[in-house]
Amino acid sequence: MTPGISGFSLFVPPYRVQLEAWCDWNDQPWGKVRNVVGRSFRMRGPGQSVYTLAANAVWRLIRDYDIDPGQVGLLALGTESSSDNSAGAVIVKGMVNDALTAHGMPLLARDCEVPEFKQACLAGVYGIKAALRYLATDGVGRQAIVVSADIAEYARGGSGEPTQGAGAVAVLLESEARLLEVNLAGSGSDSDYRVADFRKPFARFRGQPPRDDGQMQDLPVFNGRYSTSCYIDATHHAMTAMLGKRPGNSLDYFNEVDRVFMHRPYHQMPATGWVMAYLFTLAADEESGRDQLRAHCADAGIDADLLLAEMCAPSPFHGNGADIGEIIGDVFPLSRRLRQHLRSTEVWNTLVSEKLGLGSDAMRDLGNLYTAALPAWLASGLQHALTEGLELAGQEWLALGYGSGDAAEALPMRVAEGWQAAAARINFETALHGPVDLTEAQYIALHEGRPGDLVPAPAEDQFVVDHLGTANGPDFYDQGIEYYRYVPLTA
Ligand SMILES: CC(C)(COP(=O)(O)OP(=O)(O)OC[C@H]1O[C@@H](n2cnc3c(N)ncnc32)[C@H](O)[C@@H]1OP(=O)(O)O)[C@@H](O)C(=O)NCCC(=O)NCCSC(=O)CC(=O)O
């Protein structure tokens, strides 16, 4: 019996921004955006919040996998978009129980834990690790659901604007995995506080104009190039920690692993992170690795000694104090040049295209789902393989999660025998059906929390925000609390 992942379910809002249109609206280069970012992203619309997205994904998971709600002993929420600073997954539980009641089904177990995890985009991976520990200890024989849900919104006019997104992925975990057996003992972790990459201090909410949807605009504080360097550094260290637990030469792993899935804030970032992990492993290998690195440098016209100094520095990030503002640029400039050179070599095909290709194209239509991006890509990969009739059983997969400037997790996985049955229940394709393409005016209005002239898509078999509480005492208080409603299917 190997614990791991047995099911996935996706929910995204219907409201879609086509990036080619967005480039027209904003005079941005579609060639670059198409190659680097993706094709489209979704936005939260009227009646939707991060909690309704999460509950919709969990509800679909329960239905699609015939889950007995009484068996679920842990329901975890991973998010960096929560708008309640006290309650978390229990809000999702409440909504799902309303739908279960409406369908005459048993409720989620009363003895179900309902934690929320927070560490930027890594929260869902922490939730998955916690769920596996639960199933191995006090939750033996039970099931766990981890739902990752986020609304990634960036300021209009900033470099992150095309990398927005909204959605949720619910993951079913069992002590005998039907899809992906997770080698928890073989996983690698990294964390290092970076101060100024990807923070969401409450101070941002001060003075925000009121929105029609009653929600806050949750724009991150980040620095673009520095953000890429943080991703590279954190994923590199998580990989090193994982590779340190494996017998044999670390370099061999880059040949042996069959498929790689990583946190994807935009299309190009995983390839960048993965190639950098490879280059760091070459640099750390004083035998053949460094020779290969020197050969690549010679081809690219880069001084290999300077590159090695850049890659082997104990920390490329100098200072975390008052001088932090001076180091927000690219801290791996030579490695960046070498990476760009490798794009036109065979190394790129074997290392990137073959290993990171599964399910990747469909992900170009999801934008950044923050915590849900990595589980969504795993789901997309499994569905892609099923559609193509690929045999995956026994394959070694790597799921590399990353969260904000500060932390990463490398989780080795193996595809379970008979994975096809559970993969056939993944709703990735159907979840993307029926998009509503936004006009520029509708996009701007939704970004500001106004419906504009948008006619909301009908909500069926899903949860919506019904209204916000307004009572501020003295007999009753519910100011700002979201009240939800389950909208059944119309016959
Ligand atoms: C991608 C961005 C960095 C884009 O910013 P810029 O446009 O200023 O970036 P840039 O000019 O450096 O270009 C980025 C890459 O595109 C390449 N590039 C440029 N023009 C190109 C073209 N026409 N075709 C192909 N590639 C092209 C560059 O060489 C570079 O690759 P190369 O780099 O190989 O040289 C942006 O999306 C951004 O600011 N994102 C928000 C921050 C973010 O997503 N952080 C990451 C994870 S945090 C997250 O997800 C949340 C969390 O964890 O909480």
Side-chain angles (χ1 to χ4, degrees), residues 19 22-23 26-38 41 78-82 117-126 148-167 190-191 194 196-201 218-235 238 262-276 279 300 302 328-344 348 352 363-364 366-374 376-377 400-409:
L19 282 170
W22 176 88
C23 285
N26 295 290
D27 198 21
Q28 292 292 317
W30 168 230
K32 174 182 174 183
V33 170
R34 182 181 55 211
N35 285 327
V36 177
V37 178
F41 63 82
T79 185
E80 58 168 296
S81 319
S82 44
F117 290 86
K118 178 167 78 176
Q119 176 42 54
C121 307
L122 192 60
V125 174
Y126 280 153
S148 300
D150 268 310
I151 294 167
E153 44 185 348
Y154 287 79
R156 287 180 48 231
S159 68
E161 187 182 352
T163 72
Q164 300 181 88
D190 179 63
S191 58
R194 302 260 192 248
D197 184 51
F198 241 89
R199 300 291 300 275
K200 293 182 173 175
D218 201 19
L219 307 175
V221 176
F222 75 102
N223 296 285
R225 285 272 170 93
Y226 181 63
S227 182
T228 300
S229 301
C230 290
Y231 182 111
I232 288 168
D233 189 62
T235 50
M262 302 173 68
H263 170 53
R264 44 184 311 145
Y266 49 90
H267 176 72
Q268 185 176 288
M269 191 68 243
T272 300
W274 176 240
V275 170
M276 289 300 293
L279 295 180
I302 293 169
I328 54 153
D330 182 2
V331 303
F332 303 111
L334 290 176
S335 319
R336 180 181 167 101
R337 271 182 55 202
L338 182 54
R339 222 166 52 230
Q340 275 158 0
H341 162 74
L342 290 177
R343 283 186 169 278
S344 54
W348 201 270
V352 178
M363 292 298 293
R364 290 172 184 264
L366 282 185
N368 191 354
L369 295 187
Y370 285 167
T371 54
L374 175 57
W377 190 5
L400 193 40
Y402 168 74
S404 182
D406 309 315
E409 290 287 327

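As the structure lists them, so they are numbered: ligands from 1, and atoms in each ligand from 1.
Here is the list of ligand 1 atoms found below 4.0 Å of a heavy atom in Ala120: 52 (C), 53 (O), 54 (O). Ligand-side atoms of ligand 1 in range of His263: 49 (C), 50 (O), range being under 4.0 angstrom from any heavy atom. Which parts of ligand 1 touch Asn35 is read off a 4.0 Å heavy-atom cut-off, strictly below it: atoms 24 (N), 25 (C). Residue Thr163 approaches ligand 1 through these ligand atoms, each under 4.0 Å from one of its heavy atoms: 37 (O). Numbered from 1 in the order shown, with element, the atoms of ligand 1 that lie under 4.0 Å from a heavy atom of Arg225 read 10 (P), 11 (O), 12 (O). Heavy-atom proximity to Tyr370, at under 4.0 Å, picks out these atoms of ligand 1: 51 (C). For ligand 1 and Ser404, the ligand atoms under 4.0 Å from any heavy atom of the residue are 52 (C), 53 (O), 54 (O). The distance from ligand 1 to the heavy atoms of Gly224 drops below 4.0 Å at these ligand atoms: 39 (O).
One option in Tyr266, Phe198, Tyr154 has a heavy atom closer to atom 3 (C) of ligand 1 than any other, and that option is Tyr266. For atom 7 (O) of ligand 1, the nearest non-hydrogen atom from the set Arg337, Glu161, Gln119, Lys32 comes from Lys32. Across Ala408, Ser159, Ser229, heavy-atom proximity to atom 4 (C) of ligand 1 is greatest for Ser159.
The side chain of Arg339, and not its backbone, has at least one atom closer than 4.0 Å to an atom of ligand 1 (non-hydrogen atoms only; side chain from C-beta on). Proximity of Asn368 to ligand 1, defined as any heavy-atom pair under 4.0 Å, is confined to the side chain (atoms from C-beta onward).
Rounding to the nearest 0.5 Å gives a distance of 8.5 Å between OG of Ser82 and NZ of Lys200. The distance from the CE atom of Met276 to the CG atom of Leu338 is 8.5 Å, given to the nearest 0.5 Å. Separating the CG atom in Leu369 from the CE atom in Met363 is a distance of 6.0 Å, to the nearest 0.5 Å. From Tyr226, atom OH reaches atom CG of Asp233 across 9.0 Å, with rounding to the nearest 0.5 Å. Between the CG atom of Asn368 and the CD1 atom of Ile151 there is a distance of 12.5 Å, given to the nearest 0.5 Å.
Looking at ligand 1, you won't find any N or O of Thr228 less than 3.5 Å from one of its N or O atoms. Considering backbone and side-chain atoms alike, Tyr402 places every N or O at 3.5 Å or more from each N or O of ligand 1. Considering backbone and side-chain atoms together, Arg336 places an N or O closer than 3.5 Å to an N or O of ligand 1. Taking distance alone, with nitrogen or oxygen atoms compared against 3.5 Å, Gln340 approaches ligand 1 more closely than that limit.
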Atom pairs and distances, donor-acceptor, side-chain atoms in residues 155-162, under 3.5 Å, two or more places apart:
unit_1 : atom_1 : unit_2 : atom_2 : d
Glu161 : OE1    : Gly157 : N      : 2.7
Glu161 : OE2    : Trp22  : NE1    : 2.8
Glu161 : OE2    : Tyr443 : OH     : 2.6

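Of the protein's non-hydrogen atoms, the one nearest atom 15 (C) of ligand 1 is Gln268 NE2, 3.5 Å. Counting only heavy atoms of the protein, atom 52 (C) of ligand 1 lies nearest to Cys121 SG, 2.5 Å. Of the protein's non-hydrogen atoms, the one nearest atom 47 (C) of ligand 1 is Pro265 CG, 3.5 Å. Protein heavy atom at the shortest distance from atom 40 (N) of ligand 1 is Gly160 CA, 3.9 Å. Looking only at heavy atoms of the protein, atom 18 (N) of ligand 1 is closest to Val36 CG2, 3.8 Å. Scanning the protein heavy atoms around atom 41 (C) of ligand 1, the nearest turns out to be Phe222 CE1, 3.4 Å. Glu80 OE2, 2.7 Å is the protein heavy atom nearest to atom 54 (O) of ligand 1. Of the protein's non-hydrogen atoms, the one nearest atom 46 (C) of ligand 1 is Ser227 OG, 3.3 Å.
Here Ala149 pairs with Val50, Ala54, Leu77, Ala168 under the side-chain contact (heavy atoms from CB on, under 4.5 Å) rule; sequence neighbours left out.
Residue contact check for ligand 1: Arg34 places no non-hydrogen atom closer than 4.0 Å to it.
Side-chain contact check for Phe332 versus Ser229: some heavy-atom pair is nearer than 4.5 Å. Annotation: side chain of Glu153 is in contact with side chain of Gln164 (closest heavy-atom distance under 4.5 Å). Contact annotation: the side chain of Val125 never approaches that of His263 to less than 4.5 Å [non-hydrogen atoms, C-beta and beyond]. Side-chain contact check for Ser81 versus Asp218: some heavy-atom pair is nearer than 4.5 Å. Contact check for Cys230 versus Phe198: no side-chain heavy atoms found under the 4.5 Å cut-off.
Side chain to side chain, Ser191 and Asp406 fail the donor-acceptor criterion of an N or O pair below 3.5 Å.
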| field | Criterion side-chain hydrogen bond (donor to acceptor under 3.5 Å, both in side chains) on Thr371 and Asp150, from CA distance to verdict | value | CA-CA 6 Å; Thr371 54; Asp150 268 310; 2.6 Å; yes

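Among the candidates Arg225, Arg336, Arg337, the single residue satisfying the salt bridge (charged side-chain N to carboxylate O under 4.0 Å, His left out) test with Asp330 is Arg336.
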